[in-house]
Amino acid sequence: MSLEAVRAILASARSIAVLTGAGISAESGVPTFRGPGGLWRDYRPEDLATPEAFARDPRLVWEWYDWRRRKIAEATPNLGHYALVTLEKRAPDLTLITQNVDGLHPLAGSRNLLEIHGSLWRTRCLSCHEVRDNRELLTRLPPRCACEGLLRPDVVWFGEPLPYELLKRSIRAVEGCNVMLVIGTSSLVQPAASMAGEALSRGTPVVEINLDPTPLSERATHFLQGKAGDILPRLIA
Ligand code: BJW
Ligand code: ZN
């Protein structure tokens, strides 16, 4: 049974790398990007999460982010997020790489965390470039900085580079780990999607946990199909 095999791999690993995507937050009521319930009006993320979309219509893009911020403000971490906190406490070394911008991993208590696509809870000014924590209920869209410059969410859009330091640390974690967990991501968006391939090419076991098969599933050392909030607690039990 793979669950037993994966438990044994985790228990003996000195260093663990974990990559998470929107699926780990689905059980907290946070909509995913792709698949059922993952849509917003008639737009695809590829049409809204771009600098071009923001330049064209900052208000429309902010309406999407404002809608997500309001939904996520009411969400709490689930058993999947908490299982990763327990695993981090137990493992000698664990790096959690997340594509999620919802802030639920830090809220659950994950410490060694790399939020490679940024955070919904920070804004960046296009004029003075100040990045700041911003959890305010937005009253005017698009929001503006004290300098009157246009604010954007401090997230990574399509066509934008990931923060260099975070990407470097992620790659280092993947290259140095004894096992990699890939949880709740469609494995479609680069460069995160190629991290598991890098681990596999080094002979490192990759364990995928997802509700449905993805392009990674056939190559993964173990594919555990189901909800992250069910499987992760059982893996660490
Ligand atoms: C469950 C579950 C449950 C449900 N339990 N599971 C080839 C090489 C390199 C780049 C490219 C390339 N081809 C194309 C590119 C460009 C592009 C890209 O990858 N495009 C693809 C669509 C093809 N990549 C980029 O542009 C990146 N930048 C870049 O490459 O820069 C290069 C550069 C260098 C130098 C100068 C300039 C540029 C940036 C990508 C940024 C992605 N941004 C977004 C938005 C972030 C902000 C926001 O949230 O608004 O990130 S898009 C969106 O997708 C978001 C997510 O983090 C990301 C990934 O989505 P994720 O997490 O996988 O979610 P879903 O919905 O797709 O999947 C959910 C999964 O969960 C499903 O599988 C379900 O089955 C599962 N699930 N419930 C377990 N309970
Ligand atoms: Zn400013």
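Atoms within each ligand, like the ligands themselves, are counted from 1 in listed order. Model, not experiment: these values are computed from the prediction. Values below: every heavy atom of this structure, side chains too, minus hydrogens, waters and symmetry copies.
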message: Working note: T221 + T204, criterion side-chain contact (heavy atoms from CB on, under 4.5 Å); need CA distance, chi angles, decisive distance, verdict.
response: CA-CA 9 Å; T221 318; T204 306; over 6 Å; no
- prompt: Can I231 and L3 be said to form a side-chain contact (heavy atoms from CB on, under 4.5 Å), step by step?
  reply: CA-CA 9 Å; I231 294 177; L3 207 66; 4.2 Å; yes
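Listing protein N, O or S atoms at distances below 2.8 Å from the Zn ion (ligand 2), with waters left out, gives C125 SG, C128 SG, C145 SG, C147 SG.
For atom 25 (C) of ligand 1, the nearest non-hydrogen atom from the set E208, Q190, E115, R68 belongs to Q190. Proximity annotation for atom 33 (C) of ligand 1: of G21, S25, P153, P161, P161 comes nearest, heavy atoms only.
Relative to the ring axis of W64, R68 places its NZ or CZ within 45° and under 6.0 Å from the centre. Cation-pi geometry between R152 and W157 is satisfied (NZ or CZ under 6.0 Å from the ring centre, within 45° of the ring normal).
E52 has no carboxylate O lying under 4.0 Å from a charged side-chain N of R56, or vice versa, which leaves the two without a salt bridge. Salt-bridge formation is detected for the pair R7/E4: a Lys NZ or Arg NE/NH1/NH2 atom is positioned less than 4.0 Å from an Asp or Glu carboxylate oxygen. A salt bridge does not link R111 to E88: none of the charged nitrogens lies less than 4.0 Å from a carboxylate oxygen.
Set against the non-hydrogen atoms of G184, the atoms of ligand 1 under 4.0 Å away are 6 (N), 69 (C), 70 (C), 71 (O). Of all the atoms in ligand 1, the ones that sit under 4.0 Å from a non-hydrogen atom of A26 are 78 (N). Counting the atoms of ligand 1 from 1 in the order shown, those under 4.0 Å from a heavy atom of E160 are 27 (C), 28 (N), 29 (C), 31 (O), 38 (C), 39 (C). Heavy-atom contacts of W157 reach the following atoms of ligand 1: 39 (C), 41 (C) (cutoff under 4.0 Å). Atoms of ligand 1 found under 4.0 Å from any heavy atom of G226, numbered from 1 in the order shown, are 5 (N), 79 (C).
Checked by atom type, the side-chain pair N78/S28 shows a donor-acceptor distance below 3.5 Å. Of the N and O atoms on the side chains of E115 and T98, not one donor lies less than 3.5 Å from an acceptor on the other residue. Side-chain N/O atoms of H105 and T20 include a donor and acceptor closer than 3.5 Å. In the model, S127 has no side-chain atom that pairs as donor or acceptor with a side-chain atom of E148 under 3.5 Å. When only modelled atom types and interatomic distance are considered, N134 and R69 share a side-chain donor-acceptor pair under 3.5 Å. No side-chain donor from either of D154 and T123 sits under 3.5 Å from a side-chain acceptor of the other.
When only interatomic distances are considered, the shortest N/O to N/O separation between V189 and ligand 1 does not fall below 3.5 Å. Polar contact check, T214 against ligand 1: no nitrogen or oxygen pair lies under 3.5 Å apart. Residue R34 has at least one nitrogen or oxygen atom sitting less than 3.5 Å from a nitrogen or oxygen atom of ligand 1, judged on distance alone. At under 3.5 Å, a nitrogen or oxygen of Q99, whether backbone or side chain, sits near a nitrogen or oxygen of ligand 1.
Atom 45 (C) of ligand 1 lies below 4.0 Å from at least one non-hydrogen atom of the protein. For atom 14 (C) of ligand 1, no protein heavy-atom neighbour is present inside the 4.0 Å cut-off. Atom 29 (C) of ligand 1 is approached by the protein to below 4.0 angstrom, counting heavy atoms only.
Nearest non-hydrogen protein atom to atom 5 (N) of ligand 1 is A228 N, 2.9 Å. Distance from atom 43 (N) of ligand 1 to its nearest protein heavy atom, with residue and atom name: V156 O, 2.9 Å. The single protein non-hydrogen atom nearest to atom 51 (O) of ligand 1 is H117 ND1, 3.2 Å, given as residue, atom name and distance. The protein non-hydrogen atom at the shortest distance from atom 64 (O) of ligand 1 is A22 CB, 3.5 Å. Here the protein heavy atom with the shortest distance to atom 17 (C) of ligand 1 is F158 CD2, 3.6 Å. If you check which protein heavy atom lies closest to atom 2 (C) of ligand 1, you get G23 O, 3.4 Å. Counting only heavy atoms of the protein, atom 63 (O) of ligand 1 lies nearest to T185 OG1, 2.7 Å. In terms of protein heavy atoms, atom 73 (O) of ligand 1 is closest to N210 ND2, 3.0 Å.
When heavy-atom distances to ligand 1 are checked against a 4.0 Å cut-off, V155 comes that close only through its side chain, counted from C-beta outward. Contact annotation for E27 and ligand 1: only side-chain heavy atoms (C-beta onward) come within less than 4.0 Å of the ligand. Only the backbone of L188 comes within contact range of ligand 1, with a heavy atom under 4.0 Å; no side-chain atom does. With a 4.0 Å heavy-atom cut-off, ligand 1 is reached by the side chain of Y65 but not by its N, CA, C or O. The side chain of V101, and not its backbone, has at least one atom closer than 4.0 Å to an atom of ligand 1 (non-hydrogen atoms only; side chain from C-beta on).
Closest of all the heavy-atom pairs between I116 and M195 is CD1-CE, 4.3 Å. Residues A196 and L216 come closest through the heavy atom pair CB-CD1, 3.7 Å.
Of the possible polar contacts, one joining the R90 side chain to the I236 backbone as a donor-acceptor pair under 3.5 Å is found. Side-chain N or O atoms of D133 include none that pairs as donor or acceptor with a backbone N or O of R122 at under 3.5 Å. Between the side chain of E27 and the backbone N or O of G229 there is at least one donor-acceptor pair closer than 3.5 Å. Proximity of a side-chain donor or acceptor of T86 to a complementary backbone N or O of Y82 within less than 3.5 Å is detected. At least one donor-acceptor pair closer than 3.5 Å links the side chain of T50 to the backbone N or O of A53.
Every heavy atom of A192 sits 4.0 Å or more from the atoms of ligand 1. Under the 4.0 angstrom criterion for non-hydrogen atoms, G159 is in contact with ligand 1.
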